[in-house]
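Please read the structure below before turning to the comments.
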Amino acid sequence: MKTFRIIKDRPAGFFAEFEKRPAPLRHNMHYCPGCGHGVLHKIVAEALTDFDIKDRTTFISPVGCAVFGYYYMDCFGISTPHGRAPAVATGLSRAHRDSVVISYQGDGDLAAIGFNEFIHTVNRGENLCYIFVNNAIYGMTGGQMAPTTLVGQKTSTTPHGRCASEDGIPFRVAEIVASQPNPVYVERVALSTPKEIMKARAAIRKAIKNTMERKGLSFVEVLSPCPVGLKKDAAGISKFIDEEMTKIFPLGKLKDVAAERVPVEHPVPVYDREKVRAALFPQENGAEETESSGKKLREDVYNESEIFEKERRIKVAGAGGQGVLSLAYIIAHMARLRNFNVTYLPTYGPEMRGGTADCSVVASRREIASPIVDSNANMLIVLNQPSLDKYLPQLKPTGVIVYDSSSVTLPEIGENQVAYGVPAAQLAVGLGSTRYGNSLILGALAKMMEELFLTPKDTKDFSDVVEAALRECFADKPKIIAPNLEAFRLGKENAFRAETIKTPK
Amino acid sequence: MKKRYFPKIRNDECKGCERCVIACPKGVLALGKALNVMGLPHVFVADEAACTGCSLCFYTCPEPGAISIIEEKEED
Ligand SMILES: Cc1ncc(C[n+]2csc(CCOP(=O)(O)OP(=O)(O)O)c2C)c(N)n1
Ligand code: SF4
Ligand code: SF4
Ligand code: SF4
């Protein structure tokens with residue numbers, strides 16, 4: 001009696017039918033005859049069922065001939081923008097601890113456009129299985145030079161052959177990966193003769209196993225036939241791989257330390273909506289929300305003074321390191337705490353210290369069209385002389401100036417402009433730290449607002465909101481809240497309306 | 001008990017790349033002249049008796065299901 005058994009057949013790791021393929025041919029892949037991508041897909045598809053990992057594997061294939069990998073593999077599939085697989089792979093592997101993420105990238109994709117992202121993923125040693133398809137060319141776009149193209153190899157962009165002095169030399173990715181401490185397994189294989197194909201199969205299966213065991217990053221570089229791009233037949237392309245490519249890209253294991261490595265672990269992400277909300281907005285969940293915690297919006301307070309009816313554009317400027325940005329930040333918070341729309345736009349000089357720093361703050365009851373204050377400012381707060389000289393022309397003819405009189409000498413200002421000074425830096429030294437300068441300036445600001453613009457009700461509220469903003473901004477340094485409130489009080493006490501030389505109209 | 005092996009070609013899935021023809025150590029496969037649904041020539045089993053079931057043709061073939069390998073057992 002005769003019995004028959006199929007010992008090798010279409011791997012069940014492929015979809016039974018490629019329903020996502022647009023063509024009527026739903027059993028073939030879209031690759032050219034003899035393409036290495038097909039050989040590799042078969043090895044991966046076989047491993048998916050042999051290791052029973054279809055339900056936890058994601059096959060990531062970015063732009064390149066394999067961009068439609070998700071048509072074929074019966075697992076999760078993502079095709080990413082060109083070169084961007086490492087970021088997507090990292091996110092997936094971290095978010096889903098038990099997932100097996102395979103990043104399948106071509107040489108144009110991985111070694112050219114995506115190399116930066118790739119090498120940092122290698123450096124971090126993410127738990128990923130890397131399959132790097134080195135076919136010495138850009139296949140999909142019609143045979144341009146890749147970083148891995150051999151010297152002398154003709155491509156559409158190197159019609160006379162790649163020239164080492166003009167175009168560089170073939171880029172050896174496996175060697176670079178193996179030179180890094182974090183990857184656990186690096187091997188280079190070839191899809192030429194059956195013997196080499198069986199070695200490639202073993203390497204890819206080992207890399208997938210390592211990923212299943214969370215050993216870290218495993219990398220298999222595959223010298224793969226692109227017979228169409230290189231204009232060769234099956235025998236010719238195998239010969240090219242075996243005799244030309246392997247001279248530059250020697251085959252073999254470059255690194256294997258998987259046995260010594262403990263499984264990679266990362267913090268476990270939280271997806272529960274309620275838990276995320278509770279972490280982001282503790283006050284919603286009954287955490288004490290008081291005015292002194294600085295978190296509470298006082299919806300019951302409405303500032304009635306006329307000044308608040310229009311958009312108010314403020315420029316804060318000084319030297320880098322003087323606290324310009326934090327002063328602007330406190331002012332922005334004051335506006336936010338009273339339900340104004342507010343924008344905060346800092347500009348940094350390239351220097352950390354010694355350069356200039358300025359910041360635009362716009363507050364309004366209506367929508368704010370532009371956060372940039374570079375003309376028609378309503379208020380200029382300046383902490384040093386160069387800032388005043390630079391920004392005075394941007395102040396409205398009816399604008400106000402608040403300045404540190406310990407270092408700034410007021411020049412001639414417009415007829416309808418007003419200036420309030422306080423020797424902030426000097427007084428701050430007296431208080432024990434130059435860092436109190438900001439609160440002293442806020443004192444001068446409060447005095448100016450009270451004398452010129454605020455109704456009695458808003459006068460009281462202005463001090464309250466300064467206090468609330470200080471508490472909020474220094475919430476993590478509770479010790480310095482009291483001295484800053486003291487500095488604010490002192491600033492208000494010492495602020496003065498400057499005698500100014502008015503420019504006649 | 002006698003065992004023998006032979007490959008089976010799905011003509012309409014073969015792209016005629018000849019990788020299997022080169023890979024087979026026993027010369028079992030050959031490229032034919034007839035065209036399949038894709039308009040491509042496909043391989044055929046030229047010397048079935050020579051097949052050892054090594055499956056090298058299967059692994060070198062880029063198409064998912066163009067080649068299968070069958071084992072035949074005969075109980076005596
Ligand atoms: C951002 C971006 N730049 C360029 C392209 C054009 N492009 C498509 S495929 C490709 C090269 C792919 O080569 P490789 O990664 O070696 O894969 P292969 O096609 O050889 O398998 C390029 C440059 C693109 N799709 N997206
Ligand atoms: S161009 Fe090259 S890599 Fe792309 S499918 Fe064709 S043979 Fe394969
Ligand atoms: S199984 Fe081996 S012997 Fe048989 S056809 Fe395939 S390659 Fe040739
Ligand atoms: S390797 Fe596959 S596709 Fe190529 S000729 Fe053989 S059976 Fe056909």
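Computed from a predicted structure; not experimentally measured. Only this structure's heavy atoms are used, side chains among them; waters, hydrogens and symmetry mates stay out. Below, chains carry the letters A, B, ... as their sequence lines are ordered, and counting in each starts from 1.
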Q | Within 6.0 angstrom of B:Asp47 CG, more than 12 heavy atoms from elsewhere | A | yes
Q: Please check if atom NZ in A:Lys231 has more than 12 non-hydrogen atoms from other residues, nucleotides or ligands closer than 6.0 Å.
A: no
**Q.** Heavy-atom pair count under 4.5 Å with chain B, highest-scoring of A:Ala234, A:Ser238, A:Ala235, A:Pro227
**A.** A:Ala234
Q. Checking heavy atoms, do the side chain of A:Lys42, its backbone, both or neither come under 4.5 Å from chain B?
A. side chain
Q. For B:Val21, is it the side chain, the backbone, both, or neither that has a heavy atom closer than 4.5 Å to a heavy atom of chain A?
A. neither
Q | Candidates A:His37, A:His41, A:His30 - the one meeting side chain to side chain donor-acceptor pair (under 3.5 Å) with A:Tyr72 | A | A:His30
Q: Give the member of B:Glu18, B:Lys2, B:Met38 that has the highest number of heavy-atom pairs under 4.5 Å with chain A.
A: B:Met38
Q: Select, from B:Glu13, B:Arg10, B:Lys8, the one with the greatest count of heavy-atom pairs under 4.5 Å involving chain A.
A: B:Glu13
Q.
Please classify the contact between A:Phe4 and chain B as side chain, backbone, both or neither, with a heavy-atom cut-off of under 4.5 Å.
A. both
Q. Is it the side chain or the backbone of A:Thr193 that comes within 4.5 Å of chain B heavy atoms, both, or neither?
A. neither
**Q.** Side-chain ion pair, A:Glu187 and A:Lys199, N-O less than 4.0 Å
**A.** no
Q. What part of A:Ile197 lies closer than 4.5 angstrom to a heavy atom of chain B: side chain, backbone, both or neither?
A. side chain
Q.
Between A:Arg21 (side chain only) and A:Asn28 (backbone N and O only), is there a donor and an acceptor less than 3.5 Å apart?
A. yes
Q.
Return the CG to CG distance between B:Leu35 and B:Asp12, rounded to the nearest 0.5 Å.
A. 11.0 Å
